[in-house]
Amino acid sequence: MKRYLPPLCALLLLLLTACAPAEGSPPPEAPEAGPLELESLAVEVSRGDLSTGELARAVRELPEALKAALAGQGVEAESVSVSVGASPAATAQAVREGGVDVAFLPADDFAALENPPPLLLAAGEGEDPGAMAAVACPDGASLSGDLFAQALAAAVNSLREEQPVFGTLDYAPAEPEEAAG
């Protein structure tokens with residue numbers, strides 16, 4: 001066996017150098033950055049103090065409005081669905097279990113959650129009346145990125161006046177220490 005070891009090492013070294021990129025060759029090109037594409041996006045809003053009529057209107061109108069607003073921000077979603085959570089805890093649980101991709105909750109309710117899902121967006125400070133939080137599914141890698149957070153914040157801010165489910169304050173991507181929990 002010792003007799004074959006040096007020739008095998010030499011052969012392995014030769015094979016490795018043959019597989020290396022040639023000197024002066026350009027590095028492989030990165031894929032072009034295009035729009036973020038999502039097969040579907042499931043959004044849940046918290047009941048809060050909204051009337052049944054406001055919630056029904058949100059469930060009816062918000063999917064297409066949010067889809068169009070996200071497309072304007074470079075996020076293409078084939079389908080968008082909107083549901084209303086029975087309670088903030090139920091909504092957070094739906095996010096954790098993957099039944100919902102993104103949920104919007106009053107900031108006080110988010111702060112009271114045990115083991116909350118990752119914070120994606122925040123609107124206002126915790127003490128502000130009407131402060132809100134948006135949380136994302138922990139397994140949704142494309143949903144936790146900066147591109148999606150910025151696009152979602154811009155889309156929601158453009159719809160806030162028409163959709164009271166988002167509150168009255170401007171949304172912004174969560175700061176890293178906020179997002180960590």
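Nothing here was measured: the structure is a model prediction, and the numbers come from that model.
- At a threshold of 4.5 Å between side-chain heavy atoms, the hydrophobic network of Ile, Leu, Val, Met, Phe, Trp and Tyr places Leu169 and Val156 in two separate groups.
- In this structure, Phe104 and Val165 have side chains that are not in contact, with every pair of non-hydrogen atoms separated by 4.5 Å or more.
- Counting heavy atoms from C-beta on, the side chains of Leu120 and Val135 never come closer than 4.5 Å.
- Note that OG of Ser40 is 6.0 Å distant from CG of Asp101, once rounded to the nearest 0.5 Å.
- Side-chain contact between Cys137 and Glu97 is absent, with no heavy-atom pair separated by less than 4.5 Å.
- When all heavy atoms of Glu44 and Gly85 are compared, the pair lying nearest together is OE2-CA, 3.2 Å.
- Put simply, the side chain of Asn157 does not reach to within 4.5 Å of the side chain of Leu159, judged on heavy atoms.
- Atoms CG and CZ, on Leu50 and Arg57 in that order, are 10.5 Å from each other to the nearest 0.5 Å.
- Looking at heavy atoms from C-beta onward, Tyr171 lies in side-chain contact with Met132 at the 4.5 angstrom threshold.
- Partner of Thr91 under the side chain to side chain contact (heavy atoms under 4.5 Å, CB included) criterion, out of Val84, Val45, Leu105: Leu105 alone.
- Minimum heavy-atom separation, Ala69 to Ser158: CB-OG, 3.9 Å.
- Taken from CG in Asp170 to CG in Leu121, the straight-line distance is 11.5 Å, to the nearest 0.5 Å.
- The structure places CD of Glu78 at 8.0 Å from NZ of Lys67, a figure rounded to the nearest 0.5 Å.
- Inter-residue side-chain proximity for Glu162 and Glu61 is flagged as unmet; no heavy-atom pair is nearer than 4.5 Å.
- A distance of 12.0 Å separates CD of Gln150 from CG of Leu36, quoted to the nearest 0.5 Å.
- Closest non-hydrogen pair, Gly99 versus Ala42, comes out as O-CB, 4.1 Å.
- Minimum heavy-atom separation, Pro117 to Arg96: CD-NH1, 3.5 Å.
- Separation of atoms CG (Leu41) and OG (Ser79) is listed at 8.0 Å; rounding is to 0.5 Å.
- At least one side-chain heavy atom of Leu38 sits under 4.5 Å from a side-chain heavy atom of Val75.
- You'll find the side chain of Pro88 stays beyond 4.5 Å of the side chain of Phe110, heavy atoms only.
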